[in-house]
Amino acid sequence: MLTAANHGFMGQALELAGRGLYTTTPNPRVGCVIVRDGAVVGTGWHEKTGMPHAEVLALKEARDRARGATLYVNLEPCSHHGRTPPCVEAIIPAGIKRVVAAMQDPNPKVAGAGFSLLRAAGIAVEQGLMEGEARELNIGFVARMTRGRPWVRMKIAASLDGRTALANGRSQWITGEPARRDGHRWRARACAVLTGFGTVRDDDPRLNVRGVDTPRQPLKIVVDSKFETSPSARLLQEGKTLVVGAVNDEKRIAALKAAGAEAVMIPNDSGKVELFKLMEELARRELNEIHVEAGTKLNGSLLQAGVVDELLVYLAPSVIGDSGRGMFSLPELTELSRSTALKIREVERVGEDLRILARI
């Protein structure tokens with residue numbers, strides 16, 4: 001029976017897993033708590049690829065006290081050889097009596113195999129405790145493993161009447177400093193930050209994470225059909241940048257590569273970037289979460305391509321008017337029933353602004 005104490009121990013495991021929010025990619029965020037006679041005897045969390053998994057660290061701390069204990073973990077223990085040995089090979093000989101996991105690993109290489117090996121060794125296995133919270137923590141990993149595309153979160157800063165910039169393109173700053181700082185925390189958890197050529201041309205952004213204590217900078221991705229991004233653009237000056245185009249301009253591609261960028265072509269029949277295939281390519285590169293900060297046109301194109309999962313919208317207490325630029329460039333609708341339906345998940349105040357998290 002899963003009591004309040006079980007929820008408390010799984011809550012600790014999830015809190016530990018959350019410590020890897022900015023660092024574990026492409027691996028999932030995993031935390032582990034080992035409990036014997038009602039007392040915690042070992043804890044661990046996975047920090048980054050190649051380092052020990054949460055279960056191994058918790059077992060190392062627990063030592064002999066792991067015998068006869070219960071192990072709480074937010075994701076099914078792995079059963080395959082990857083960059084590190086399988087966790088089940090550490091759990092079984094340690095004498096763990098019971099494993100409580102929040103969810104099954106969506107990775108096809110595991111997908112229940114870890115549970116089966118534990119049960120075959122005589123270890124009791126229970127799953128499903130706080131599964132919703134566990135899925136949210138690793139939503140990008142789950143998306144990549146189950147559908148072959150990353151989780152795409154689109155961040156937009158706008159006035160209360162939905163304007164993201166003036167008619168001349170100026171947008172600094174619509175929202176206040178607390179909202180901008182909060183936006184960097186969402187950038188930090190992503191595997192990549194994606195924008196379009198228009199934003200690079202108009203704003204020359206650095207597109208990095210600032211003001212957040214993170215040892216890792218996300219990959220920067222520019223959707224640029226004609227490879228028009230300047231080799232002197234600020235986002236090319238530090239970190240890794242991927243420029244995705246559709247027109248094979250060898251001279252421009254060579255200049256971007258000389259500036260340190262990687263350039264790939266993923267064209268559609270219209271000479272633009274095929275966005276759905278782009279997302280499949282990013283999944284192939286083991287990217288779990290994509291954070292979009294783009295302009296009206298690319299926002300609309302991504303929405304139409306059906307690759308956006310979530311909107312992260314900051315609304316400022318101001319009005320710009322119809323002359324300002326909107327959030328999405330989309331074809332005109334003739335019926336309200338054809339509008340994109342959203343489910344509001346969170347509404348919070350950040351400084352003087354509102355932050356809205358909505359799912360498609």
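Note that this is a predicted model, so its numbers are computed, not measured.
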Partners passing side-chain contact (heavy atoms from CB on, under 4.5 Å) against Leu336 (at least two apart in sequence or in another chain): none
Residue pair Ala294 / Thr195: nearest heavy atoms and the distance that separates them: CA-OG1, 3.8 Å
NZ/NE/NH1/NH2 to OD/OE distance under 4.0 Å, Glu177 and Arg180: yes
Pair up each side-chain donor or acceptor in residues 243-252 with any protein partner under 3.5 Å, not counting sequence neighbours, and list the distances.
residue	atom	partner	partner atom	Å
Asp249	OD1	Lys251	N	3.3
Asp249	OD1	Arg252	N	3.1
Arg252	NH1	Lys226	O	3.2

Worked verdict on Val99 versus Thr70 for side chain to side chain contact (heavy atoms under 4.5 Å, CB included): CA-CA 6 Å; Val99 170; Thr70 295; over 6 Å; no
For the student: nearest non-hydrogen atoms of Ile320 and Ser323, plus distance: O-OG, 4.5 Å
Inter-residue atom distance Leu14.CG - Met10.CE, 0.5 Å rounding: 6.5 Å
Atom CG of Asn168 with >12 non-hydrogen neighbours under 6.0 angstrom: yes
Residues Lys272, Asp224: salt bridge by 4.0 Å N-O rule: no
Leu194 and His291: CA distance, side-chain angles, deciding distance, side chain to side chain contact (heavy atoms under 4.5 Å, CB included) verdict: CA-CA 6 Å; Leu194 182 147; His291 179 92; over 6 Å; no
Ile156 to Met327 - nearest heavy-atom pair and separation: CG2-CG, 3.9 Å
Hydrophobic cluster of Leu357, others only, ordered by chain and residue number, side-chain cut-off 4.5 Å: Trp186, Leu312, Tyr314
Asp203 and Arg234: CA distance, side-chain angles, deciding distance, salt bridge (charged side-chain N to carboxylate O under 4.0 Å, His left out) verdict: CA-CA 10 Å; Asp203 298 340; Arg234 290 204 301 172; over 6 Å; no
Reported CG-to-OG distance for the pair Leu118 and Ser116, which is rounded to 0.5 angstrom: 8.5 Å
Pairwise distance CE(Met51) to OG1(Thr23) - rounded to 0.5 angstrom: 9.0 Å
Residues Glu61, Arg65: salt bridge by 4.0 Å N-O rule: no
Short N-O contact, Glu126 and Arg98, less than 4.0 angstrom: yes
Worked check of side chain to side chain contact (heavy atoms under 4.5 Å, CB included) between Phe141 and Asn107: CA-CA 9 Å; Phe141 180 77; Asn107 186 344; 4.3 Å; yes
Side chains of Arg29 and Arg189 in contact at under 4.5 Å (non-hydrogen atoms): yes
Distance, nearest 0.5 Å, that separates CZ of Arg210 from CZ of Arg206: 5.0 Å
By ring-ring contact (aromatic ring centres under 6.0 Å, His included) - contacts of His46 (at least two apart): His53
Minimum heavy-atom distance between Gly44 and Ala58, given as atom pair plus value: N-CB, 3.8 Å
Heavy-atom closest pair, residues Pro28 and Leu75: CG-CD2, 3.5 Å
Electrostatic pair Lys277-Glu281, nearest N-O below 4.0 angstrom: no
Arg355 with Glu346: basic N within carboxylate O range, under 4.0 Å: yes
Separation between OG of Ser318 and CD1 of Ile174, rounded to the nearest 0.5 Å: 6.5 Å
Carboxylate-amine/guanidinium proximity below 4.0 Å for Arg187 and Glu289: no
Partner residues of Arg149 under the salt bridge (Lys or Arg N to Asp or Glu O under 4.0 Å) criterion, sequence neighbours left out: none
Distance (rounded to the nearest 0.5 Å) between Trp45 CH2 and Arg19 CZ: 7.0 Å
Donor-acceptor pair, side chain of Thr241 and main chain of Ile221, under 3.5 angstrom: no
Within residues 212-223 or reaching into it, pairs that qualify as side-chain hydrogen bond (donor to acceptor under 3.5 Å, both in side chains) - sequence neighbours excluded: none
